[in-house]
Amino acid sequence: MDEQPRLMHSHGVGMAGHPGLGQHMPDGTEGEGRKQDIGDILQQIMTITDQSLDEAQARKHALNCHRMKPALFNVLCEIKEKTVLSIRGAQEEEPPDPQLMRLDNMLLAEGVSGPEKGGGSAAAAAAAAAAGGAGADNSAEHSDYRAKLSQIRQIYHTELEKYEQACNEFTTHVMNLLREQSRTRPISPKEIERMVGIIHRKFSSIQMQLKQSTCEAVMILRSRFLDARRKRRNFNKQATEILNEYFYSHLSNPYPSEEAKEELAKKCSITVSQVSNWFGNKRIRYKKNIGKFQEEANMYAARTAVTAASASAQGSQANSPSTPNSAGGYPSPCYQSSRRIQ
DNA sequence: CTAAATGATTACTA
DNA sequence: TAGTAATCATTTAG
């Protein structure tokens, strides 16, 4: 890049005003003239940094108005395209991020990013059903869940909109800037397009963070909603009585069969696993402190005796769910601290 | 308010 | 895999 201008100057004579500066050059003479023009322009570019601002501005204008400018600009763009941009272009076209897709799917499933109300309530209903809480005070919690979900959704959409707007503003700004600059340096429309792509990717990575934190919030809300420990309700008195009745009338072997559990569950309007939980808790707590349960045990023993008596008096045993070995020959806790629980 | 009671969960065992 | 033991988180009693 050192020799060429000089070389051109040595030959170039008076071709400055040549009208035919087309892309093709039919003969060497025309080529020489063009070369000289290019040499002039390059010279000006090289020295432009040495000039004052006003001077530079004037020169810039002159350069811009130069008849060779568009052609040279195209050439430079092409060169640039072939070198720098093609290298960068090779590593683009990344596949859609699987994690982002997962987040999107979840937000959609959770009704955060989907259609306004429909998806949300459906998901909430599904969650409510999964909670399995025998629908008593379920609706209150349900609406609470929905309210919180819609709050999350609102924040999400507001933020998303904000990001989108910022992205658009920034993109427009950069595009204007590049277009403006493309008057003085070789920037092809393709390159602008690519830059826009880069900006969008950056912003979408920010959006991913938003999506991620929204997902987290939904998960926490959901787990809170589903985790029954956090909103435990005691069983009603009747259910507790039925369970206790069974427990104390089967003290020697307080392990209800699957069928018995089902029956108890139905009677108490709770689930079978709740029955299992109850018996698990009862056995361990009874074993740990039999003394404390003495009174309760006596009470239920007496009650069972009475019902049994009245039942046998009527010649029927319709009461008490499948009672194989009730009070019969088993020691009431009054007489001994039965140790049949492992 | 604190402590006890209680339903659910977890890690482990036979 | 059902059951045990420890523990959590909540409700209820005092």
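Letters A, B, ... are given to chains in the order of the sequence lines, protein chains preceding strands, and every chain is numbered from 1.
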Distance check: side-chain N/O of [X] vs OP1/OP2 of [N], anything under 4.0 Å?
X      : N     : value
A/K287 : C/dA5 : yes
A/Q274 : B/dG7 : no
A/K292 : B/dA4 : no

Side chain of A/N234 (C-beta onward), nearest among C/dT4, B/dA5, B/dG7: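 Nearest nucleotide to the side chain: B/dG7.
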
Minimum-distance nucleotide (side-chain atoms of A/R283 versus C/dA5, C/dG3, B/dA8):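 So the nucleotide nearest the side chain must be C/dG3.
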
Common cluster, A/L107/A/M101, ILVMFWY with side-chain heavy-atom separation under 4.5 Å: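 No, because A/L107 and A/M101 fall into different hydrophobic clusters, even though each may have its own neighbours under 4.5 Å.
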
If I take atom [atom1] in residue [X] and atom [atom2] in nucleotide [N], what distance separates them, rounded to the nearest angstrom?
X      : N      : atom1 : atom2 : result
A/N277 : B/dA11 : CG    : P     : 16 Å
A/R285 : C/dC8  : CZ    : C1'   : 11 Å
A/K282 : C/dG3  : NZ    : P     : 17 Å
A/R232 : B/dA5  : CZ    : C1'   : 8 Å
A/F279 : B/dT9  : CZ    : C1'   : 19 Å
A/R233 : B/dA8  : CZ    : P     : 12 Å
A/Y286 : C/dT4  : OH    : P     : 14 Å
A/N253 : C/dA2  : CG    : P     : 16 Å

A/H200 NE2 to A/E164 CD distance, which is reported to the nearest 0.5 Å: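 Result: 9.0 Å between the selected atoms.
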
Pair A/F279 + A/Y246: ring centers closer than 6.0 Å: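 For A/F279 and A/Y246, the ring centres are under 6.0 Å apart.
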
Sugar-phosphate only, base, or nothing, as touched by A/F235 at under 4.0 Å among non-hydrogen atoms: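 The answer is sugar-phosphate, as A/F235 gets under 4.0 Å only of primed atoms, P, OP1 or OP2.
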
Side-chain (A/R283) to main-chain (A/P254) donor-acceptor, under 3.5 angstrom: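 Present.
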
A/R153 to A/Y156 six-membered ring, cation-pi geometry met (6.0 Å, 45°):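 Ring-cation test returns no.
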
Nearest-nucleotide 5' precedence on DNA chain C, A/S276 against A/N281: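 Result: A/S276.
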
